[in-house]
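Beneath this line is the structure, given in structure tokens, with notes to follow.
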Amino acid sequence: MADITKSEGDALYHPSKEIIKNANVKDYEKIYKQSIEDPEKFWAKEASQLEWYKKWKTVFDDSERPFFKWFAGGKINIVHNAIDRHLKTWRRNKLALIWEGEPGDVRTMSYHALNREVSKTANVLKSMGVKKGEIVTIYMPQIPELAITMLACVKIGAAHSVVYGGFSVEALADRISNANSRVLVTADGGWRRGKVTDLKSIANDAMDRSPTIEVCITVKRTDHEVHMENDRDFWYHDLMALPIASPSCETEVMDSEDMLFILFTSGTTGKPKGLVHTHGGYQVFTSSTHRNVFDIKDEDRWWCAADPGWITGHSYMVYAPLINGTTVMMYEGAPNHPYPNRWWNMVEKYGINILYTSPTAVRGLMRFGDQWPKRHDLSSLRLLGSVGEPINPEAWRWYHSVIGGGKCPIMDTWWQTETGGFMITPLPVTPLKPGSATKPYFGVEVGIVDENGKEVKAGEEGKLVIKKPTPGMARTIFGDPDRYHETYWKEYEKQGWYKAGDSARMDEDGYIWVIGRIDDVIKVSGYRLGTAEVESALVSYPDVAEAAAIALPHELKGNAIHVYCILKAGLKGDKKLAAEIKKHVSNEIGPIARPEEVHFLESLPKTRSGKIMRRVLKARAMGVDEGDLSTLEE
Ligand code: WTA
């Protein structure tokens, strides 16, 4: 049992002797010190746990900063480490995947079976002309074919761009065009809260707006009627039944720095940015963090209850766990369908050892009360994880005591789409403070600085920076290297630091408390959105002349979107219009972007140069001091 020291409210949770005894890493301080003194040595050691077709020449190359290279000269393919190498060992027959659909259907796959599916799909993609370097867009529900298609693209040297299945027409069309995708892989639909999500219709509408698309492959999941175009659309199962879909396929030899995937994420402008991750450094970083932070053992059943459409799903649902030879749990649907014990039932049924999810999910399930988890034997759980937003101590304690039975340390991992993997995180041996992501991972140097880039004192809030590049960091923004430089590296060019976009403080014990975004990025239920994206959806509504979107604290979602609209001359806002505007935003971007509240205003607070001062709107809404208003236009 965890023993709690210090007084309540400032409690320090110590791991049990059992956890410490079995931990993959026992001495954080010592290894951290070594990793900072000689990061290249540390990363080379981590890299040598993987199989390389050809060893790298240099571990780290910063000759073209900020376009850093890791393991340059090395030849590798992430699929070789995630699948191929396991086939030569007993893991061939180990379960790679346990999947449960929302209606209750179950599929399992050994590494051997996964390899066959991936190889068949790879051959299907090849037959559709998919080539090395090309980007295939994937838009799917959480079904095994999503992971299979990702791996199949990568196996033949193509890259993928997974678009979250909760995104709608506009968002999908934008991302397809930005990636210049010729091939889209989708599904007829998926199950969510007992209903079919009609992905194929959304995909069809998006393809109408995407001239680059030539081929669309559709997986049959829900079997409802969908529209297929004659010379564009193919059913996945038809293609998989053809002789071309042979179960053997060479894995393409790639350079360390070849593109693995792009993943679009929101930034401060309306256009989402496609962050580019590469084969070598990304797999070293994600597998190292996963193995050490979650203390991965061969007998573990790992459940990352995220969506593969976001970075958490890419790194810790698909790539890192497979590289570490773990059995991965995947679930299609809503956590509370048909009842709020759905997750706890699956933890018990499959004997899940590690559960990694978001504070929003924890808060959402907490709301239903303890009776739901209490019905189940959750004793298989050994470690818990949290990601996506700060976890409030109340949710932390519930997760710890009710779900983890007071014996499972919670790994609160701070990281970003840009970093590829965990940057600030405890290890199982770290004494925990609820709400703090604790300390930097090995090889990661962080700073908390003021406006002038000067380190702030313990306890003071400042901007979070990363002082040295790490192997898992995105290499660029697809098609826009200047924006990459501008967004992340320009502000601290002299120091060579990476700007995270978050604010944080460090307490006297060196524990880091991440507070939240300080730019125009919003985290709603842990999902990342840009105010600019929401605003451009708002002004695409015919009645709206100008709009601003801000995030306000929300008990369940962490943040909720509130929007302010100026209507075109002569129009008046009312409840009906507000409802229509909400629906419009949801149709354009996706239900996650649906505004919580729509307010109608005569004017928006702006600077003299015409920039909307969102912080003023926020301060007014929250009834706090509006701060410096000297730049505010009359
Ligand atoms: C926030 C998600 C506090 C943060 C992996 C970051 C967190 C943004 C945490 C990146 C955490 C993520 N504690 N805040 N443990 N994890 N964040 O790109 O604001 O979707 O900048 O990556 O999520 O969101 P993204």
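Both ligands and their constituent atoms are indexed starting at 1 by order of listing.
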message: The criterion is side chain to side chain contact (heavy atoms under 4.5 Å, CB included); which residues satisfy it with E533, sequence neighbours excluded?
response: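 Testing E533 for side chain to side chain contact (heavy atoms under 4.5 Å, CB included), a comparison that skips the adjacent residues, returns R175, S266, I589.
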
message: Suppose we screen for side chain to side chain donor-acceptor pair (under 3.5 Å). Which residues come up paired with S386, at least two apart in sequence or across chains?
response: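 By the side chain to side chain donor-acceptor pair (under 3.5 Å) rule, S386 matches no residue at all.
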
- request: Could you tell me whether the side chains of N292 and Y441 share a donor-acceptor contact shorter than 3.5 Å?
  value: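 Side chains of N292 and Y441: pair found under 3.5 Å.
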
task: Answer with yes or no whether the side chains of T413 and Y356 bring together a donor and an acceptor at under 3.5 Å.
output: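 There is such a pair (donor and acceptor under 3.5 Å, judged by atom type) between the side chains of Y356 and T413.
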
Partners meeting ring pair (Phe, Tyr, Trp, His ring centres under 6.0 Å) with W415 (sequence neighbours left out):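 Counting only residues at least two positions away or on another chain, W415 forms a ring pair (Phe, Tyr, Trp, His ring centres under 6.0 Å) with Y316, F422.
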
field: Sub-4.0 Å heavy-atom environment of ligand 1, residues by chain
entry: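 If the criterion is a heavy atom under 4.0 Å, then ligand 1 touches I311, T312, V387, G388, E389, P390, D412, T413, W414, W415, Q416, T417, D502, V514, R517, K523, R528.
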
field: Between OH on residue Y319 and CE on residue M150, distance to nearest 0.5 Å
entry: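 Reported to 0.5 Å precision, the distance equals 4.5 Å.
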
